[in-house]
Amino acid sequence: DSIMLGYWNMMAETGWYNAASKIVMAGLIPMGLIGASFYPALSKFSKESKERFQRAWDYELEIMILLALPLVVGGMFLAPKIIYSFYPLDFVPSILALQILILTAGIIFLYRPFYDAMIILNQQAKTFWITMTGALFNVILNLILIPKYSLYGAAVATVITNFLILLIIIFFTRKFTFI
């Protein structure tokens, strides 16, 4: 997104977008820690018991949902205070970008357990193609949305792309695993 904003010489917009994006990335830290905590147990259960794997995986997904909801809702409502806490007043355009991008964090929280399951259950090639499809789709959406909507177009493209990835990973997980 930043590279494509820069390509169209939208330097101020790139800064505003990156300000919001960095806050969203910080919000993903708990997801990474939880995913990393579940990974060894899921890996072990995948070899021992489908039922134990499913229970642990369900629990991970529940935790991710419970964390994603307040992150998204809180991020939406608190975006002005968050931006003003870290950046000067001329970063006002980052507020709407953060409100849009925070949806991405919620979506990523939701698809992390699916990605982990696909990798643990030996479906790595499929996750690669899902990621590549998302990257290509994001570039296409950016080509359409950035010239017209600037940083907000890039943010919407990111949300739509991650939602597409969520739908595909759910479909593939259900089709190619026992989950």
Side-chain angles (χ1 to χ4, degrees), residues 1-32 35 61 64-65 67-80 82-83 86-87 90-119 123-177 179:
D1 296 340
S2 296
I3 292 169
M4 294 182 82
L5 284 165
Y7 174 79
W8 277 292
N9 214 17
M10 298 180 185
M11 296 309 163
E13 292 85 349
T14 302
W16 297 328
Y17 182 86
N18 286 335
S21 182
K22 286 179 183 178
I23 292 168
V24 171
M25 292 301 135
L28 293 175
I29 292 171
M31 182 259 328
L61 184 60
M64 294 296 193
I65 292 169
L67 290 175
L69 288 173
L71 176 70
V72 171
V73 173
M76 292 276 208
F77 287 109
L78 297 174
I82 294 168
I83 293 295
F86 295 104
Y87 301 102
D90 55 335
F91 274 73
V92 168
S94 295
I95 295 170
L96 180 56
L98 176 57
Q99 290 171 322
I100 296 168
L101 285 172
I102 201 69
L103 293 169
T104 299
I107 294 167
I108 293 171
F109 265 78
L110 295 179
Y111 72 59
R112 170 67 188 259
F114 291 94
Y115 257 103
D116 287 349
M118 291 286 286
I119 290 169
Q123 301 296 318
Q124 299 89 331
K126 291 174 184 69
T127 62
F128 171 78
W129 289 111
I130 292 168
T131 302
M132 292 305 296
T133 300
L136 179 63
F137 189 72
N138 186 257
V139 169
I140 292 167
L141 281 178
N142 279 335
L143 287 169
I144 296 166
L145 297 176
I146 289 175
K148 189 168 185 174
Y149 301 107
S150 178
L151 72 151
Y152 308 119
V156 168
T158 299
V159 171
I160 292 170
T161 298
N162 279 283
F163 187 70
L164 174 69
I165 290 170
L166 174 64
L167 294 177
I168 294 170
I169 195 76
I170 290 171
F171 174 78
F172 275 49
T173 303
R174 293 189 61 162
K175 183 172 174 87
F176 298 108
T177 72
I179 293 177

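No hydrogens, no waters, no symmetry mates; every other heavy atom, side chains included, goes into these values.
Counting heavy atoms from C-beta outward, T127 and F172 have side chains that stay 4.5 Å or more apart.
Here the closest non-hydrogen pair linking S94 and A20 is O-CB, 3.7 Å. Listed here is the closest heavy atom pair of F109 and A68: CB-CB, 3.7 Å. In plain terms, the two heavy atoms of T14 and M10 that are nearest each other are OG1-O, 2.7 Å. Residues M64 and P113 approach most closely at CG-CG, 3.8 Å, considering heavy atoms. The nearest pair of heavy atoms linking A155 to A97 is CB-O, 4.3 Å.
Residues forming a side chain to side chain donor-acceptor pair (under 3.5 Å) with E13 (at least two apart in sequence, or on another chain): none. Listed by chain and residue number, F91 satisfy the ring-ring contact (aromatic ring centres under 6.0 Å, His included) test with Y87 (two or more places apart in sequence, or in another chain). Scored by the side chain to side chain contact (heavy atoms under 4.5 Å, CB included) test, V156 finds I100, L145, I160 as partners (sequence neighbours excluded). Scored by the side chain to side chain contact (heavy atoms under 4.5 Å, CB included) test, L143 finds M4, W8, V139 as partners (sequence neighbours excluded). For T131, the side chain to side chain donor-acceptor pair (under 3.5 Å) partners at least two apart in sequence or on another chain are Y115. A154 is linked by a side chain to side chain contact (heavy atoms under 4.5 Å, CB included) to D1, L5, Y17, N142, I146, counting only residues two or more places apart in sequence or in another chain. Judged as a ring-ring contact (aromatic ring centres under 6.0 Å, His included), and not counting sequence neighbours, Y152 has no contacts. A search for side chain to side chain contact (heavy atoms under 4.5 Å, CB included) contacts involving M132 returns F128, W129, not counting sequence neighbours.
Note: T104 OG1 to M25 CE = 7.5 Å, rounded to the nearest 0.5 Å. Residue I82 holds its CD1 atom at 6.5 Å from CD1 of I102, rounded to the nearest 0.5 Å. Note that CG of L101 is 9.5 Å distant from CG of L96, once rounded to the nearest 0.5 Å. For the atom pair CZ of F114 and CZ of R174, the computed distance is 8.5 Å after rounding to the nearest 0.5 Å. Summarising the geometry, atom CE belonging to M11 is positioned 10.5 Å from atom OG belonging to S2; distances are rounded to the nearest 0.5 Å.
More than 12 heavy atoms of other residues, nucleotides or ligands sit less than 6.0 Å from atom CZ of F176.
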What pairs of donor and acceptor atoms, side-chain ones from residues 71-80 against any protein atom, are under 3.5 angstrom apart with sequence neighbours left out?
none

What donor-acceptor contacts under 3.5 angstrom involve side-chain atoms of residues 162-171, with partners at least two apart or in another chain?
residue: N162; atom: OD1; partner: Y111; partner atom: OH; Å: 2.8
residue: N162; atom: ND2; partner: T158; partner atom: O; Å: 2.9

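Every pair passing salt bridge (charged side-chain N to carboxylate O under 4.0 Å, His left out) that includes a residue from residues 94-118 is listed here, sequence neighbours excluded: R112-D116.
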